[in-house]
Chemist: 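First, the structure itself, so that you have it in front of you.
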Amino acid sequence: MRISVTIFLTDETITPTRLARELEARGFAGLYLPEHTHIPVERVTPYPAGGELPREYGRTLDPFVALGQAAAVTESLGLGTGITLVAQHDPIDLAKQIATLDHLSGGRFTLGLGFGWNVEEADDHGVEWSTRRELVRDRMALMQALWADEPTAYEGRFGSVRASHAFPKPVQRRTLVGGAAGPKLFSHIVEYADGWLPIGGRGLSESLPVLRAAWSDAGRDPNALQVVPYAVFPNPGKLAHYADLGIEEVVVQLPPAGEGEVLKALDEYARYVGGGGGQV
């Protein structure tokens, strides 16, 4: 099982380059970064985990810039977002960012995408909350048209692009969708993604068979589905349970802290990481 990490990198934490070097040296498989462009002070949306919204949410580094730095100082470390708020991006610009990062890193990028939870943040980007899932679906189709091998036009409900020359092309094109289990989420995963980023990884014994059935019913290769539990606080029993479910990668949570505290956490997680790129 590959062990990757996620962390809220901010202007107050360990730097992307320092963290990336330490992860690769210690055999971790990948680094996934979250995204928030800003957090409006006038907040109506409650924090999903309850209580006050943690300080790091409003100080988050841009994940693509940070991952670009991480790519430049590593050779094999996987790079991903967890998650990109696709609805808040211009899809033509985002397609170029993704393709460039994947190209320059040698095919190491995974697009983890989601639909968001902060209504005020999305509203400042002009996102209509009730249609954000369909907006993301539309933007993914537009980006996939730009990534096609031949110039391909796309005309959708929310946007369009002419048949275009658009290089570089992503090498890997690995896409995982984050969100809570349910028919609507699973329909998106089956339609345009490679798998699921379930936050925390709870309830997989019940939900995973449902997703696998939807995947197979859509005619997709059962062996191709990727499920990557995300922001997990690991223990041996939990990881053994994931392995029994056929899960091959887990993303563990690091504290949004300075170098000393983060390296201490890596030392604690090191017992789960073996040789060969994060195998346990």
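Quick note: residue numbers are just sequence positions, from 1. Not measured: the values here are computed from a predicted model.
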Chemist: Does a side-chain heavy-atom distance below 4.5 Å link Val65 with Gln97?
Modeler: no

Chemist: Once rounded to the nearest 0.5 Å, what's the spacing between atom CG of Leu79 and atom CG of Asp102?
Modeler: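 Here the rounded value is 9.0 Å.
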
Chemist: Evaluate the ring-ring contact (aromatic ring centres under 6.0 Å, His included) criterion for residues Tyr57 and Tyr47: first the C-alpha distance (whole Å), next the side-chain angles of each, then the deciding distance (0.1 Å), finally the verdict.
Modeler: CA-CA 10 Å; Tyr57 277 74; Tyr47 176 43; 5.5 Å; yes

Chemist: Quick one: CG on Leu33 to OG1 on Thr60, what's the gap to the nearest 0.5 Å?
Modeler: 9.5 Å

Chemist: Step by step, work out the side-chain hydrogen bond (donor to acceptor under 3.5 Å, both in side chains) result for His89 and Thr84.
Modeler: CA-CA 9 Å; His89 288 265; Thr84 296; 5.7 Å; no

Chemist: Between Ser187 (side chain) and Lys184 (backbone), is there a donor-acceptor pair under 3.5 Å?
Modeler: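 Pair found, side chain donor or acceptor close to backbone of Lys184.
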
Chemist: Quick one: does Ser105's side chain have a donor or acceptor within less than 3.5 Å of a partner on Leu101's backbone?
Modeler: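 Yes.
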
Chemist: Would you say the side chain of Pro222 lies within less than 4.5 Å of the side chain of Arg212, judging by non-hydrogen atoms?
Modeler: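 No, side chains not in contact.
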
Chemist: For the pair Ser4 (side chain) and Gly30 (backbone), establish whether a donor and an acceptor sit closer than 3.5 Å, ignoring hydrogens and angles.
Modeler: yes

Chemist: Determine whether Leu135 and Tyr154 fall in the same hydrophobic cluster, where Ile, Leu, Val, Met, Phe, Trp and Tyr are linked whenever their side-chain heavy atoms lie under 4.5 Å apart.
Modeler: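 No; Tyr154 is not reachable from Leu135 via cluster members.
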
Chemist: Assess the residue pair Val250 and Arg2 against the criterion (side-chain contact (heavy atoms from CB on, under 4.5 Å)); give the C-alpha distance rounded to whole Å, side-chain angles, the decisive distance to 0.1 Å, and a yes or no.
Modeler: CA-CA 6 Å; Val250 175; Arg2 302 188 304 276; over 6 Å; no

Chemist: Ignoring hydrogens, what is the shortest heavy-atom contact between Trp215 and Ala193? Give both atom names and the distance.
Modeler: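 For Trp215 and Ala193, the tightest heavy-atom pair comes out as CH2-O, 3.6 Å.
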
Chemist: Please report the C-alpha distance between Thr74 and Arg108 in whole Å, then the side-chain angles of each, then the deciding distance to 0.1 Å, and finally whether the side-chain hydrogen bond (donor to acceptor under 3.5 Å, both in side chains) criterion is met.
Modeler: CA-CA 10 Å; Thr74 55; Arg108 290 188 276 149; 2.8 Å; yes

Chemist: Looking only at heavy atoms, what is the nearest atom pair of Val190 and Ala218, with distance?
Modeler: CG1-CB, 3.1 Å

Chemist: Asp138 side chain to Gly159 main-chain N or O, any donor-acceptor pair under 3.5 Å?
Modeler: yes

Chemist: State yes or no: do Leu239 and Val5 share one hydrophobic cluster built from I, L, V, M, F, W and Y residues joined by side-chain heavy-atom distances below 4.5 Å, directly or via other members?
Modeler: yes

Chemist: side-chain contact (heavy atoms from CB on, under 4.5 Å), that's the test. Do Val252 and Thr6 meet it? Break it down for me.
Modeler: CA-CA 6 Å; Val252 301; Thr6 185; over 6 Å; no

Chemist: State, yes or no, whether a side-chain contact exists between Leu67 and Pro16 at a heavy-atom distance under 4.5 Å.
Modeler: no

Chemist: Side chains of Glu121 and His36: is there a donor and an acceptor less than 3.5 Å apart?
Modeler: yes

Chemist: Supply the atom-to-atom distance Thr13 OG1 to Arg59 CZ, rounded to the nearest 0.5 angstrom.
Modeler: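 If we round to the nearest 0.5 Å, Thr13:OG1 and Arg59:CZ are 10.5 Å apart.
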
Chemist: Tell me if a side-chain donor or acceptor on Gln172 pairs with a main-chain N or O of Phe109 at a distance below 3.5 Å.
Modeler: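 It does hold such a pair.
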
Chemist: Sub-3.5 Å donor-acceptor pair from the side chain of Lys169 to the main-chain atoms of Asp149, do we have one?
Modeler: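 A pair under 3.5 Å: no.
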
Chemist: Leu85 versus Trp117: any side-chain heavy-atom pair under 4.5 Å?
Modeler: no

Chemist: Under 4.5 Å between any side-chain heavy atoms of Pro229 and Val251, yes or no?
Modeler: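 Heavy-atom side-chain distance check fails, nothing below 4.5 Å.
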
Chemist: Can you pull out every side-chain hydrogen bond (donor to acceptor under 3.5 Å, both in side chains) where at least one residue sits in residues 14-26? Sequence neighbours excluded, please.
Modeler: Thr15-Thr17, Arg18-Glu22, Arg18-Glu259, Glu22-Arg26, Glu24-Ser76, Arg26-Asp267

Chemist: Passes salt bridge (Lys or Arg N to Asp or Glu O under 4.0 Å), Lys264 versus Glu261? Steps please.
Modeler: CA-CA 5 Å; Lys264 180 180 178 182; Glu261 187 174 343; over 6 Å; no

Chemist: For the pair Tyr242 and Leu204, evaluate side-chain contact (heavy atoms from CB on, under 4.5 Å) and give the outcome as yes or no after the intermediate values.
Modeler: CA-CA 8 Å; Tyr242 293 153; Leu204 286 177; 3.8 Å; yes

Chemist: Closer than 3.5 angstrom, by distance alone: can the side chain of Thr45 be matched with the main-chain N or O of Val119 as a donor-acceptor pair?
Modeler: yes

Chemist: Does CZ belonging to Arg43 count more than 12 external heavy atoms closer than 6.0 Å?
Modeler: yes

Chemist: Should the pair Asp93-Arg139 be classified as a salt bridge under the 4.0 Å nitrogen-to-oxygen rule?
Modeler: no

Chemist: At their closest point, which heavy atom of Gly195 faces which heavy atom of Ile189, and how far apart are they?
Modeler: O-CG2, 3.7 Å

Chemist: Taking CD in Glu12 as the centre, count heavy atoms belonging to other residues, nucleotides or ligands within less than 6.0 Å. Is the count above 12?
Modeler: yes

Chemist: I would like to know whether Glu134 and Arg157 meet salt bridge (Lys or Arg N to Asp or Glu O under 4.0 Å); could you show each step before the answer?
Modeler: CA-CA 9 Å; Glu134 287 306 308; Arg157 175 183 173 187; 5.4 Å; no

Chemist: Under 6.0 Å from the ring centre and within 45 degrees of the ring axis: does the NZ or CZ of Arg132 meet both conditions for the six-membered ring of Trp129?
Modeler: yes

Chemist: I'd like to know whether Glu42 forms a side-chain contact (heavy atoms from CB on, under 4.5 Å) with Glu120, so could you lay out the CA-CA distance, the side-chain angles of the two residues, the decisive distance to 0.1 Å, and finally the verdict.
Modeler: CA-CA 8 Å; Glu42 184 180 358; Glu120 296 78 56; over 6 Å; no

Chemist: Could you check whether any side-chain N or O of Tyr269 sits under 3.5 Å from a backbone N or O of Gln253, counting only pairs where one atom can act as donor and the other as acceptor?
Modeler: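 At least one qualifying donor-acceptor pair exists.
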
Chemist: So Val227 and Leu176, do their side chains get closer than 4.5 Å, heavy atoms only?
Modeler: no

Chemist: So, for Phe115 and His188, is the gap between ring centers shorter than 6.0 Å?
Modeler: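 Close enough - the centres of the two rings lie under 6.0 Å apart.
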
Chemist: Could you give the distance from CG (Leu94) to CE (Met140), rounded to the nearest 0.5 Å?
Modeler: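 Answer rounded to 0.5 Å: 8.5 Å.
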
Chemist: Please tell me whether Tyr32 and Leu19 are part of a single hydrophobic cluster in this structure, the criterion being side-chain heavy atoms less than 4.5 Å apart.
Modeler: no

Chemist: Between Ser164 and Arg162, is there a donor-acceptor pair closer than 3.5 Å when you use the side chain of the first and the backbone of the second?
Modeler: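 Present.
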
Chemist: How long is the span from the CG atom in Leu208 to the CD1 atom in Ile247, to the nearest 0.5 Å?
Modeler: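 Result: 6.0 Å between the selected atoms.
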
Chemist: Donor-acceptor pair, distance only, cut-off 3.5 Å: does the side chain of Thr131 make one with the backbone of Glu128?
Modeler: yes

Chemist: Check Thr81 against Pro63 and note the closest heavy-atom contact, atom names and distance.
Modeler: CG2-CB, 4.1 Å

Chemist: How close do Ala95 and Leu146 get, heavy atom to heavy atom, and via which atoms?
Modeler: CB-CD1, 3.9 Å

Chemist: If two hydrophobic side chains count as joined below 4.5 Å and joins carry through other members, does Ile98 share a cluster with Val171?
Modeler: no

Chemist: Exactly one of Val136, Leu111, Leu185 should register a side-chain contact (heavy atoms from CB on, under 4.5 Å) with Val177. Which one does?
Modeler: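 In the set Val136, Leu111, Leu185, the residue that makes a side-chain contact (heavy atoms from CB on, under 4.5 Å) with Val177 is Leu185.
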
Chemist: Output the distance between atom CG (Asp62) and atom CG (Leu9), rounded to the nearest 0.5 Å.
Modeler: 11.5 Å

Chemist: Taking Leu245 as the starting point, is it possible to reach Val228 by hopping between hydrophobic residues whose side chains are less than 4.5 Å apart?
Modeler: no

Chemist: Test side-chain hydrogen bond (donor to acceptor under 3.5 Å, both in side chains) on Glu249 and Gln226; report intermediate values, then the result.
Modeler: CA-CA 9 Å; Glu249 181 182 6; Gln226 301 177 48; over 6 Å; no

Chemist: I want to know whether Phe186 and Trp196 have ring centres closer than 6.0 Å.
Modeler: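 Yes, the ring centres sit under 6.0 Å apart.
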
Chemist: Would you indicate whether His241, at its atom NE2, is surrounded by more than 12 heavy atoms from other residues, nucleotides or ligands within a distance under 6.0 Å?
Modeler: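 Above 12, so yes.
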
